[in-house]
Novice: 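First the structure, which I've put down as structure tokens, then a few questions once you've had a look.
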Amino acid sequence: MTVEHEGLRARRRRLTEDRITEAAYRLFEAASFEAVSVEEIAAAAEVSPRTVYRYFPTKEDLVLANPGGVDAVRSALAQADPQESDVRYLARAMVAGLTARSPEDAARMYRLIERTPALQARVLQVTWGSQPLLVEALMVRGRRTRGAERRARLLAQTVANLVRMAHLDWISAGHRGSVWTLVDEALSILKDALTT
């Protein structure tokens, strides 16, 4: 298979993914996440239910899947600067992942999550599932001891939640300015809280 053919195939896949996602969002926003079936999404996207499941294994993935985000996190973690603090290193990777999705798409996602318990539960699963990647990246930067692993887990969980909150605040404020302003503010608040 040629590189050109691979590129065409990837573009077609992306277009199909986008068509399915857009159809799902339109239907979820018009009714609710719970009220819409995969069959209805497939019909709106003009594909089969089997195709929907091939791209999105669960209905929740139609809202939460962010493959570009995972790649962005991995890429940011691979660009380690020895002078960078562990907290800043993790924050930079999380910001890269969250901003891989357009602010408009992120706003739509957050609105659906806010009103859908099933999506809130799935977000928790996704959050826990991403922790090993962040923990391992931190462990590679330092010594592998039990204390270091505990520290890495604590930092990964804390920084990931802090950055998500800052990102949500940025989206809610109309994504004006830099998300980093809100991340830095949140980090300062946490630092102050821990030293008082």
Side-chain angles (χ1 to χ4, degrees), residues 10 12-77 90-137 153 156-175 179 182-183 186:
R12 282 186 185 151
R13 179 177 174 78
R14 184 75 221 156
L15 287 171
T16 302
E17 239 174 49
D18 290 347
R19 198 167 72 241
I20 293 168
T21 303
E22 183 54 35
Y25 267 93
R26 271 197 329 269
L27 292 170
F28 294 152
E29 289 164 345
S32 71
F33 179 81
E34 295 90 345
V36 177
S37 70
V38 170
E39 288 71 23
E40 290 171 306
I41 294 164
E46 299 180 342
V47 297
S48 70
R50 186 175 170 179
T51 298
V52 174
Y53 282 119
R54 191 167 65 242
Y55 285 85
F56 303 96
T58 70
K59 196 166 115 173
E60 290 80 6
D61 289 332
L62 285 158
V63 177
L64 301 176
N66 185 15
V70 175
D71 291 342
V73 169
R74 287 184 193 281
S75 176
L77 291 173
L90 290 177
R92 184 170 50 77
M94 289 299 302
V95 167
L98 290 171
T99 55
R101 187 189 299 258
S102 76
E104 294 77 18
D105 287 347
R108 293 175 87 185
M109 178 190 71
Y110 285 133
R111 283 194 296 269
L112 282 172
I113 291 169
E114 196 171 52
R115 66 185 205 208
T116 312
L119 289 173
Q120 293 164 15
R122 181 70 175 134
V123 165
L124 191 56
Q125 288 180 319
V126 170
T127 300
W128 278 100
S130 68
Q131 295 308 298
L133 175 65
L134 301 176
V135 169
E136 180 57 27
R153 282 190 286 112
Q157 187 70 34
T158 304
V159 173
N161 285 332
L162 181 145
V163 171
R164 277 190 198 91
M165 285 182 60
H167 186 249
L168 178 54
D169 288 347
W170 180 67
I171 295 295
S172 299
H175 47 87
V179 68
L182 295 173
V183 170

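Atoms considered below: every heavy atom in the structure, side chains included; atoms not considered: hydrogens, waters and symmetry mates.
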Novice: Can you name the salt bridge (charged side-chain N to carboxylate O under 4.0 Å, His left out) partners of D105, sequence neighbours left out?
Specialist: none
Novice: Determine the minimum heavy-atom distance between L134 and A160, stating which atoms define it.
Specialist: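 So the minimum-distance heavy-atom pair works out to CD1-CB, 4.5 Å.
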Novice: When you look at N161 and R164, which way does the side chain to side chain contact (heavy atoms under 4.5 Å, CB included) test go after all the steps?
Specialist: CA-CA 5 Å; N161 285 332; R164 277 190 198 91; 3.7 Å; yes
Novice: Backbone N or O of Q157 within a donor-acceptor pair of the Q131 side chain at under 3.5 Å?
Specialist: yes
Novice: Given side chains that start at C-beta, do those of T21 and F56 come closer than 4.5 Å, heavy atoms only?
Specialist: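 They are in contact (side-chain heavy atoms under 4.5 Å apart), so the answer is yes.
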Novice: Does a side-chain heavy-atom distance below 4.5 Å link Y25 with L62?
Specialist: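 No - every pair of side-chain heavy atoms lies 4.5 Å or more apart.
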Novice: Nearest 0.5 Å, what's the CZ-OG1 distance between F28 and T116?
Specialist: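 If we round to the nearest 0.5 Å, F28:CZ and T116:OG1 are 8.5 Å apart.
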Novice: Roughly how far, to the nearest 0.5 Å, is OH of Y110 from CD1 of I171?
Specialist: 6.5 Å
Novice: Contact between L162 and M165 at the side-chain level, heavy atoms closer than 4.5 Å - yes or no?
Specialist: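 With C-beta onward as the side chain, the pair stays apart.
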Novice: Taking E114 first and then R111, would you say they form a salt bridge - that is, a charged N and a carboxylate O separated by under 4.0 Å?
Specialist: no
Novice: Mind listing the closest non-hydrogen atom pair of A35 and E40 along with its distance?
Specialist: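 Of all heavy-atom pairs spanning A35 and E40, the closest is O-OE1, 3.7 Å.
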Novice: Does Q120 have more than 12 heavy atoms from other residues, nucleotides or ligands lying within 6.0 Å of its CD?
Specialist: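 Yes.
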Novice: Report yes or no: does R101 contribute a side-chain atom to a donor-acceptor pair with the main-chain N or O of G69 at less than 3.5 Å?
Specialist: no
Novice: Test your reading of the model: is there a side-chain donor-acceptor pair from S130 to the backbone of T127, 3.5 Å cut-off?
Specialist: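 Judged by distance alone, yes, a pair lies under 3.5 Å.
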Novice: CD1 of I20 to OH of Y53: how many Å apart, nearest 0.5 Å?
Specialist: 12.0 Å
Novice: Rounded to the nearest 0.5 Å, what separates atom CD1 in I41 from atom NZ in K59?
Specialist: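 These two atoms lie 6.0 Å from each other.
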Novice: Is the CZ atom of R115 crowded by more than 12 outside heavy atoms at less than 6.0 Å?
Specialist: yes
Novice: From M94 CE over to H167 NE2, what is the distance, rounded to the nearest 0.5 angstrom?
Specialist: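 So the gap between those two atoms works out to 10.0 Å.
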Novice: Minimum heavy-atom separation for A72 to A96, with atom names?
Specialist: CB-O, 3.4 Å
Novice: Is the shortest side-chain heavy-atom distance between T158 and L90 below 4.5 Å?
Specialist: no
Novice: Are side-chain heavy atoms of L64 and T58 found at a separation under 4.5 Å?
Specialist: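 They are not in contact (no side-chain heavy atoms under 4.5 Å apart), so the answer is no.
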Novice: Going by salt bridge (charged side-chain N to carboxylate O under 4.0 Å, His left out), name the residues that satisfy it together with R122, two or more places apart in sequence or in a different chain.
Specialist: D61
Novice: Taking only residues two or more places apart in sequence or in another chain, which ones pass salt bridge (charged side-chain N to carboxylate O under 4.0 Å, His left out) with E39?
Specialist: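 None.
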Novice: Is a donor on one side and an acceptor on the other found under 3.5 Å between the side chain of T99 and the backbone of V95?
Specialist: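 Yes; judged by distance alone, with no hydrogens or angles, the pair exists.
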Novice: Spell out, as yes or no, whether a donor-acceptor pair under 3.5 Å connects the side chain of N66 to the backbone of A100.
Specialist: no
